[in-house]
Amino acid sequence: MDPMTQSAQISSSQGFADGQNSAAKESKLSVKDLIHWRDPKKSGVVFGLTMLLLLSLAAFSVISVVSYLLLALLCVTITFRIYKSVVQAVQKSSEGHPFKALIDKDVSIPPETFRKHVDASLTYINRALKQMSRLFLVEDLVDSLKLAVVMWLLTYVGAVFNGITILILADILLFAVPPIYEKNKTQIDQYIDLVRTQVNTTIAKLQEKLPGAVKRSKAE
């Protein structure tokens, strides 16, 4: 292989890799752009659809919501299929099936992609299991007490809200908090630092009073 061909292949592979990296970067940024309302139309559509889905789940069962969604999709595709068949019969055209391009499209998941996502999920699952084991077996007394306080507070939250209501509130906060934080970042950061300092001071005092509590090292 001559040097010119080798250089062209290297440039082509580098360009392909850069394209993949930029595409991945854009896909990662798209979620951030949505919740920061960079494009109000897209953010409004996503927020409206998610709220509609959650409100539907609050009013109906999951089976009913999924069935209605699939039924609506099927009605649209069947209606469009019949409409195109009538148009083709009247115009005596031979365009064929209107969804042929989508039918011929390969929608199968490649084994490599599936294994990659499974491996990534397994990493998070193992990390979560290790963390749960550390907390419930009281490796660090203060961390286990923190979890106990959070679980105790969640019992009151669960008594007031059900799971769907919490998801609806989370969806509202997801689309409301980022733009508010972006506009008032300096003031909010100051309050967060004050709260963090107060919490750390309280935890330090608690560690000193607890008998046998192991103090964290500076590295932690």
Side-chain angles (χ1 to χ4, degrees), residues 20-85 97-129 131-132 147 150-185 188 192:
Q20 283 185 325
N21 292 333
S22 64
K25 187 176 181 181
E26 288 177 1
S27 63
K28 290 180 181 178
L29 290 176
S30 62
V31 177
K32 184 178 178 182
D33 292 339
L34 283 175
I35 62 176
H36 281 85
W37 295 81
R38 306 291 188 217
D39 189 338
K41 290 183 180 179
K42 291 182 180 179
S43 298
V45 169
V46 173
F47 177 65
L49 290 176
T50 53
M51 282 298 297
L52 179 62
L53 177 61
L54 291 173
L55 291 173
S56 300
L57 290 174
F60 305 99
S61 66
V62 176
I63 296 176
S64 297
V65 172
V66 173
S67 299
Y68 278 124
L69 288 175
L70 295 179
L71 181 60
L73 177 62
L74 194 57
C75 288
V76 171
T77 54
I78 290 175
T79 303
F80 185 73
R81 174 75 170 88
I82 295 173
Y83 168 76
K84 293 297 290 185
S85 299
H97 200 290
F99 299 120
K100 182 171 177 53
L102 296 176
I103 293 174
D104 294 338
K105 188 176 181 180
D106 185 13
V107 295
S108 60
I109 301 175
E112 296 79 9
T113 303
F114 180 77
R115 282 193 292 267
K116 183 171 112 178
H117 287 293
V118 168
D119 292 340
S121 302
L122 191 61
T123 301
Y124 289 111
I125 292 172
N126 289 333
R127 190 179 302 169
L129 290 174
Q131 187 71 3
M132 289 174 61
L147 179 63
V150 171
M151 294 297 105
W152 177 68
L153 292 175
L154 286 178
T155 59
Y156 287 95
V157 174
V160 178
F161 305 105
N162 57 26
I164 294 297
T165 306
I166 293 175
L167 288 177
I168 292 173
L169 293 175
D171 188 50
I172 295 173
L173 291 175
L174 181 65
F175 282 89
V177 171
I180 294 175
Y181 174 76
E182 195 172 38
K183 293 179 180 178
N184 306 278
K185 187 175 185 301
I188 294 175
I192 291 176

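In this text, all values refer to a predicted model and were calculated from it rather than measured experimentally.
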Step through the shown structure and confirm whether more than 12 heavy atoms of other residues, nucleotides or ligands are within 6.0 Å of [atom1] on [X].
| X | atom1 | result |
| --- | --- | --- |
| Met51 | CE | yes |
| Leu71 | CG | yes |
| Ile63 | CD1 | no |
| Phe114 | CZ | no |

Answer yes or no: is there a donor N or O on one side and an acceptor on the other, between the side chain of [X] and the main chain of [Y], under 3.5 Å?
| X | Y | answer |
| --- | --- | --- |
| Trp37 | Pro178 | no |
| Asp171 | Leu167 | no |
| Thr113 | Ile109 | no |
| Thr77 | Leu74 | yes |

Problem set entry | Pairing residues for Lys100 by the salt bridge (charged side-chain N to carboxylate O under 4.0 Å, His left out) criterion, not counting sequence neighbours | Asp104
Interatomic spacing from [atom1] in [X] to [atom2] in [Y] - rounded to 0.5 Å:
| X | Y | atom1 | atom2 | result |
| --- | --- | --- | --- | --- |
| Leu49 | Leu53 | CG | CG | 8.5 Å |
| Phe47 | Ile35 | CZ | CD1 | 13.0 Å |
| Arg115 | Leu122 | CZ | CG | 14.5 Å |
| Leu57 | Ile164 | CG | CD1 | 5.0 Å |
| Leu55 | Thr50 | CG | OG1 | 9.0 Å |

For this session: Please work out which of the three classes, parallel, tilted or perpendicular, describes the rings of Phe99 and Phe80, given edges at 30° and 60°.
Result: tilted
Exercise. Once the angle between the rings of Tyr156 and Trp152 is folded into 0 to 90°, is it parallel (under 30°), tilted (30 to 60°) or perpendicular (over 60°)?
Worked result: perpendicular
For this session: Give a yes or no on whether a salt bridge exists between Arg38 and Glu182, defined as a side-chain N under 4.0 angstrom from a carboxylate O.
Result: yes
Exercise. Would a 4.5 Å heavy-atom cut-off, applied to side chains only, mark Leu73 and Leu69 as touching?
Worked result: no
Exercise. Does Arg81 reach the side chain of His97, with side-chain heavy atoms less than 4.5 Å apart?
Worked result: yes
Problem set entry | Ser61 to Ser64 - nearest heavy-atom pair and separation | OG-OG, 3.0 Å
Seminar exercise, completed: With sequence neighbours left out, the residues meeting side chain to side chain donor-acceptor pair (under 3.5 Å) with Lys41 are none
